[in-house]
Q: 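Right, I'll just put the structure down here and ask away after.
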Amino acid sequence: MPELPEVETIKQDMIKKIKGKSIKKVEIKNEKNIRIVSPLEFKKKLEGKTIKDIQRRGKFLMLYLDSSDVLLFHLKLTGRLIFSSSRDVEPEYSRIAFIFEDGSTLFFADIRGFADIYLVSQDEINQIPAIKNMGPEPLSPEFTVEKFKDILKRKRGKIKPLLMDQNVIAGVGNIYSQEALYRAKIHPEREVSRLNDEELESVYRELLKLLEEAIRYRGSSVDAYVDLNGKEGNFVPHLQVYGREGQTCPRCGSIIRKKKIGGRGTYFCENCQK
DNA sequence: CAATCGTCCTGCGGGC
DNA sequence: TGCCCGCAGGACGATT
C-alpha cells in the first residue's frame with residue numbers, strides 16, 4: 001500500500017523517465033479504475049499530449065499535460081505504475097498501457113482494482129472530494145510543529161486513526177502512522193486531547209524523520225508496492241513494529257502486539273508505548 | 001455527532 | 001496434500 005514515501009519515490013523516478021514524453025497511444029484492457037470520464041474520452045484526451053510536469057499531493061500522483069488536463073492516480077492498496085522501455089514487457093495485472101512516441105510505455109496495473117484514475121482539467125482538481133478536504137503536506141516548509149499541534153488540538157479521538165486521516169495530514173497511512181507512534185513512544189489508542197505539548201512535538205519530529213528516511217530507502221514494499229522499475233523498496237527491514245506481531249520489541253524486548261484500532265490492524269509495544 | 005460498518009476485490013494464509 | 005474460508009485494507013457512504 002503506497003503511502004507518501006512510496007508515491008514520492010514513484011514521482012521522482014517519473015520525473016527522470018517520462019517527463020517531457022508524448023503519449024502516442026493509450027490501450028485500455030480494463031477500464032474499471034477510470035473515474036468520471038468514459039474510457040473513450042480518456043483515450044481521446046490523452047493521446048497526442050505531452051507530460052509537462054509531475055507532482056504529488058498526499059497519496060495522489062499528478063501528471064500535468066500540455067493541454068489544461070491533469071492525469072491523477074491514487075494507487076490505493078494494490079495499484080502499480082511500471083515503466084518499461086518496451087511496450088512488449090507487460091507486467092502482471094496490467095490494465096492500461098500509456099505508450100509513448102519512442103515506444104517506451106507506462107503500465108498501470110492493479111490486482112484488487114481499488115485504485116482511482118482521474119482525468120480532469122487543472123481547475124477541477126480541487127473538486128475531487130479526497131483532494132478538496134486534504135490536510136497539509138507533512139514535508140512542506142509550512143507544516144511547522146506549531147501547525148501540527150494546532151490541528152491536533154482541535155481534534156478528538158485516538159491518535160493513530162487521526163494520523164492516518166487524510167483530512168488531518170496528507171499522505172500518512174496505516175504503516176507510517178503506527179511506526180511514527182512507536183518511535184515517539186506513544187500508544188496508538190491515546191486520546192489526542194490528552195497528549196501534552198512534549199508528546200505532540202515528539203510525534204511530529206518522529207513522523208517527519210520517518211517519512212524522510214523512508215523516501216531515502218525508496219519506500220516499503222508491503223503488499224503490492226514496487227517502484228517505477230518494478231523493484232521493491234528497501235525500507236521494510238527498518239520498520240520496527242509493522243508486521244511484527246509476536247516478535248520482540250527492538251527497544252525493550254517485550255512482545256509486539258497486534259490490535260484492530262479504528263478498524264485497521266495496528267502493531268505496537270504495550271511496554272514502551274504509553 | 002463521532003465512531004463503526006459495509007462496500008469495492010482478489011491473493012494468500014491458516015486451519016483441518 | 002489440498003481445499004476452503006475468511007482476512008487484509010483506502011476512502012467513501014450509510015448507519016447507529
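Per chain, numbering begins at 1; letters A, B, ... match sequence-line order.
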Q: Any ion pair linking A:Lys49 and A:Asp69 (charged N to carboxylate O, less than 4.0 Å)?
A: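 Salt bridge: no.
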Q: Whole angstroms only, please: what is the CD-C1' distance between A:Glu191 and B:dA2?
A: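 Spelled out: CD on A:Glu191 to C1' on B:dA2 is 11 Å.
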Q: Would the number of heavy atoms belonging to other residues, nucleotides or ligands and lying under 6.0 Å from NZ of A:Lys185 be above 12?
A: no
Q: Using a strict threshold of under 4.0 Å (side-chain N to carboxylate O), is an ion pair present between A:Lys153 and A:Asp197?
A: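 Yes.
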Q: Step through it carefully: locate the ring centre of A:Phe83, locate the ring centre of A:Phe107, and say whether they are under 6.0 Å apart.
A: no
Q: What I want to find out is whether A:Arg183 reaches A:Glu213 closely enough, with some N-O distance under 4.0 Å, to be called a salt bridge.
A: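 Yes, this pair counts.
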Q: Roughly how bent is the helix from B:dA2-C:dT16 to B:dC16-C:dG2 end to end, in steps of 10 degrees, with each end axis from five pairs?
A: 60°
Q: Given atom CD1 of A:Ile111 and atom P of C:dA8, what is their separation to the nearest angstrom?
A: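 After rounding, the reported distance stands at 17 Å.
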Q: Would you mind reading off the distance between A:Leu162 atom CG and B:dT4 atom C1', rounded to a whole angstrom?
A: 15 Å
Q: When every nucleotide of nucleotides 9-16 of chain C is labelled 5' to 3' by its protein contacts under 4.0 Å (heavy atoms), B for base, S for sugar-phosphate only, - for none, what sequence of letters results?
A: BBBS----
Q: Inspect the contact between A:Arg95 and A:Glu27 and indicate whether a charged nitrogen and a carboxylate oxygen are less than 4.0 angstrom apart.
A: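 No salt bridge links A:Glu27 with A:Arg95.
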Q: Could you state the atom-to-atom distance from NZ of A:Lys32 to C1' of B:dC9 in whole Å?
A: 8 Å
Q: Using a strict cut-off of less than 4.0 Å between a Lys/Arg side-chain nitrogen and an Asp/Glu carboxylate oxygen, indicate whether A:Asp66 and A:Lys52 qualify as a salt bridge.
A: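 Here A:Asp66 does not pair with A:Lys52 in a salt bridge, since their nearest N and O are not under 4.0 Å apart.
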Q: What I want to find out is whether A:Arg112 reaches A:Asp223 closely enough, with some N-O distance under 4.0 Å, to be called a salt bridge.
A: yes
